Amino acid sequence: SRVTLNFGEPPNGEQKILTDTSTMTTRVASSGIEVKNTGRVVFVGFAIDRKDVSTQEVISLNVEDKPIQKFIYGDYTALPGKKYEYTVRRMTKAKSSYVSSSRFVAYGSPIAVIISTEDPSRGKHGVYFNRGAAGSKAYTELFGEYRKHHLVKKFGFSQWKSTINPRSIPDPEKSNEALAWLSRGLEEALLQFISQASGKEYRLLAAVYEFTHKESIQALASAVERGVSVKIVRHCKGSYHTRVKRDDIVKDESGNIVKDWIPDDTTEAAKKAIDAVGFQSLKYARVWQHDTFIERKHSAGIMHNKFIILVRNGKPVEVWTGSTNLTDGGFYGQSNVGHIVRDDDVATDYLEYWERLARDIPGRKRSSKIENDNEHGPMDELNERQQSNLEGHITSPSINVIFSPRKTTDMLQWYADQMGYAKSSVHYTAAFGVAQPLAEILNQVQCKGTPKPGLGLRRSPRIARRYKGKEAGGNLLRYVLLDNKPSEHSSEKRHHSKDGYIDYYDFKDVRENRIAFGAILPMVGDDDTNGESLTGLDTFVDYIHTKYMIVDALTEQPMVITGSANFSAASTDKNDENSLVIQGDTSVADIYFTEFMRLFDHFYSRDKYNELVANKASRKGPAWGEVVADESWLRPYFDSSSQLYRERLLLR
């Protein structure tokens, strides 16, 4: 919610209510709080209460009655389609004359704001994020009794890892409770999307990469039993291996070496999940096995799409897309988004692309050995013919759909350009590192409101010293959320092998960049009662799997880029991918912004805590996140050289 609460005493001393009647977001409410004059009382933070307008239930959002010491606050327990009244008061230290067991008390006149959350089941866009934060105190407190410890190998190293796998909880009721808590409406939204199709007038046309989530697979199988025409293009890759029998290479009658095609792990896992589905009717079992799946073998890279088109009476009407693979890890582990677009034109664009995938047209070049549409060209040409590369500034409001592969990586450069055009903010998630065009932008500083190229901090220490200080102009903030902290050793190797290479270690100290990466609070020693645990459902990406960027989220002309495609070269010119470029839709931007900040705050706090623990010997002052009982917490918010100063200005 883009609501700023400005404190000042009303003339009559009564409560002041600000009402915002527009819907803002689905499950998160974010407000900016501004204090003009703290007065003579020591101001130690805010007290915030939330009232459900329909039930009149009131809860305090202050943990253990401690003041909230930040100027942008997010309520991450809000529900979709609800109306809430938030009441904000200032807090000070309790005096002995106060009858209270708390160290802090609220004072002064309150300010209230009424906020309505989005109902994602209505309107053109329905956006659903899962919890994406299994590694949290809340998950551990709810289900920590089911924690297990494992010795696992990741990136070639063995390490002990604790997990709370919701599928492994022996109590069915608690298992379902854990799954629902982690899904946070994402799984339920997909199942509801599929269930809309009932009868022969409907078709469901899907393109999937990983495909093992039994609830989604069963929902699609049930649609087949309802008479729905279900067609699923699935990733199908592998490699040929020499056949060996009793340690001897097998040859055919002509003396040629016999080779067998072996599917990759993703292809094999999907086939097993497909075969595991049972049907009461042999008729539908045959339809499922022989008339539902289309193997995508000739993509230039991987078939990385995750979308489903709903077709009614021959007309495409809705599409489900986003970053969510149909796996347990996709719904209950790493952070993911499902995005429904209820728009005939957008759904028609997806149908045209799906039909090309279903014909298994080669990704980047013609081949005389493969039956394909040689007359009109390979996928990269056809995709660009359907939607040419975007250039410069685009029409607002608008939705552009970008399909990959493409002939060049020009669209990746265009995305980087949009980041460079940002006037106030960028919010960007990167699951697999930062591609060079975007890294170059992140390595720039904003001078007098305009980003200047070539001002990377590592490249020029002299410029770095100049522009890290107050001479740098503008209040731009670029938030970056990474899956994990990049390896310093790998960074050094790449810098030595690639001229001009830029990565996290170059741009991490740029004043405009505020960076967090996935992390959990570790256990201390062998004490099982502390620390946080993941689900163990993800084998590669543990935390951040989303692929979206928001440019100038809190302006009247925000841009949201979201879909299956990572912001990478491979996702642009090799893989089968899809992305939505949504310009000028403040409602969509609000949802993505608040969800981004929910996870950013979660991981940033853990990053800082773990950093302080690692440097405990040199630590001075209060621990990270510890409440201070004076006004020192205010200083960075009013110091124009700090990032928190810029953050405070975002919602003003």
Side-chain angles (χ1 to χ4, degrees), residues 1-3 18-31 50-59 61 73-86 112-132 180-198 216 219 307-310 312 317-324 331 335-347 397 399 546 548 550 553-554 556 558 560 562 580 582 584-599:
S1 164
R2 286 181 244 176
V3 180
L18 307 177
T19 303
D20 188 333
T21 56
S22 63
T23 55
M24 291 299 179
T25 181
T26 53
R27 289 175 174 265
V28 181
S30 295
S31 294
R50 185 188 75 195
K51 179 170 74 175
D52 185 321
V53 173
S54 60
T55 66
Q56 296 296 299
E57 178 189 16
V58 179
I59 64 170
L61 300 181
Y73 179 76
D75 173 14
Y76 304 137
T77 60
L79 297 176
K82 302 282 285 185
K83 182 179 283 188
Y84 296 108
E85 179 180 308
Y86 291 88
V113 60
I114 296 175
I115 295 175
S116 297
T117 57
E118 294 273 9
D119 181 352
S121 66
R122 300 179 180 180
K124 180 178 286 190
H125 296 276
V127 183
Y128 301 85
F129 281 80
N130 66 347
R131 184 78 55 180
W181 191 90
L182 293 164
S183 168
R184 195 169 166 262
L186 178 62
E187 176 193 53
E188 296 82 349
L190 177 61
L191 300 185
Q192 175 61 34
F193 181 89
I194 294 170
S195 71
Q196 294 178 96
S198 180
S216 300
F307 69 81
I308 306 174
I309 308 163
L310 178 68
R312 184 172 58 242
V317 291
E318 296 182 20
V319 63
W320 167 284
T321 186
S323 67
T324 311
F331 287 100
S335 169
N336 275 302
V337 60
H339 190 134
I340 298 172
V341 184
R342 305 178 182 96
D343 182 277
D344 296 354
D345 292 337
V346 171
I399 304 175
T546 48
Y548 66 88
I550 325 165
L554 301 175
E556 293 305 311
V560 176
T562 185
L580 297 168
I582 305 167
D585 192 316
T586 57
S587 177
V588 170
D590 285 349
I591 295 169
Y592 275 86
F593 165 74
T594 52
E595 290 287 352
F596 181 98
M597 293 308 298
R598 173 178 69 88
L599 287 177

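Numbers here are sequence positions counted from 1. Note that the structure is predicted; figures quoted are calculated from it, not measured.
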For this session: Enter the distance from Asp590:CG to Glu118:CD here, rounded to the nearest 0.5 Å.
Result: 8.0 Å
Exercise. Can you find a pair of side-chain heavy atoms, one from Val319 and one from Val346, that are under 4.5 Å apart?
Worked result: yes
Problem set entry | Sole residue of Asn336, Thr562, Thr546 in side-chain hydrogen bond (donor to acceptor under 3.5 Å, both in side chains) with Ser323 | Asn336
Exercise. If every non-hydrogen atom of Tyr548 is compared with every non-hydrogen atom of Glu595, which pair is closest and at what distance?
Worked result: OH-C, 4.3 Å
Problem set entry | Any Tyr73 side-chain heavy atom under 4.5 Å of Leu61 side chain | yes
For this session: Mind listing the closest non-hydrogen atom pair of Arg184 and Asn130 along with its distance?
Result: NH1-O, 3.6 Å
Problem set entry | Pairwise distance CD1(Ile550) to CD1(Ile591) - rounded to 0.5 angstrom | 10.5 Å
Seminar exercise, completed: By ring-ring contact (aromatic ring centres under 6.0 Å, His included), Phe596 pairs with (sequence neighbours left out) His427, Phe600
Problem set entry | Candidate list Thr324, Val127, Val560, test side-chain contact (heavy atoms from CB on, under 4.5 Å), partner His339, passing option | Val127
Exercise. Given Val341 and Glu318, is the side-chain contact (heavy atoms from CB on, under 4.5 Å) satisfied, shown in steps?
Worked result: CA-CA 6 Å; Val341 184; Glu318 296 182 20; over 6 Å; no
Problem set entry | Check: Pro558 and Phe593 side chains under 4.5 Å, non-hydrogen atoms | no
Exercise. Rounded to the nearest 0.5 Å, what separation is found between the CG atom of Asp75 and the CG atom of Leu79?
Worked result: 9.0 Å
Exercise. Hey, does Lys124 have a side-chain heavy atom less than 4.5 Å from the side chain of Ile399?
Worked result: yes
For this session: Can you label the angle between the Tyr592 ring and the Phe129 ring as parallel, tilted or perpendicular, going by 30° and 60°?
Result: perpendicular
Exercise. Which heavy-atom pair separates Gly338 from Leu186 by the least distance, and what is that distance?
Worked result: N-CD1, 3.4 Å
Exercise. Are Arg50 and Val58 close enough that some pair of their side-chain heavy atoms sits under 4.5 Å apart?
Worked result: no
For this session: Go through Tyr86 and Val113 one step at a time and tell me if the side-chain contact (heavy atoms from CB on, under 4.5 Å) criterion holds.
Result: CA-CA 5 Å; Tyr86 291 88; Val113 60; 4.0 Å; yes
Problem set entry | From Ile308 atom CD1 to Thr321 atom OG1, the distance as rounded to the nearest 0.5 Å | 10.0 Å
Seminar exercise, completed: Heavy atoms of Arg342 and Gly123 approach each other most closely as NH1-O, 2.8 Å
Seminar exercise, completed: In terms of heavy-atom contacts, Leu190 and Ser216 come closest through CD2-OG, 3.5 Å
For this session: Output the distance between atom NZ (Lys82) and atom CG (Asp119), rounded to the nearest 0.5 Å.
Result: 11.5 Å
Exercise. Is it the case that Asp585 and Ser587 place a side-chain donor and acceptor less than 3.5 Å from each other?
Worked result: no
Exercise. Can you check whether Ala180's main-chain N or O pairs, donor with acceptor, with Ser183's side chain at less than 3.5 Å?
Worked result: no
Exercise. Measuring from Ile59:CD1 to Lys51:NZ, what's the distance to the nearest 0.5 Å?
Worked result: 13.5 Å
Exercise. Which heavy-atom pair separates Gly185 from Tyr128 by the least distance, and what is that distance?
Worked result: O-CD2, 3.9 Å
Exercise. Does Ile114 reach the side chain of Tyr84, with side-chain heavy atoms less than 4.5 Å apart?
Worked result: no
For this session: State, with a plain yes or no, whether a side-chain heavy atom of Ser54 is found less than 4.5 Å away from one of Lys83.
Result: no
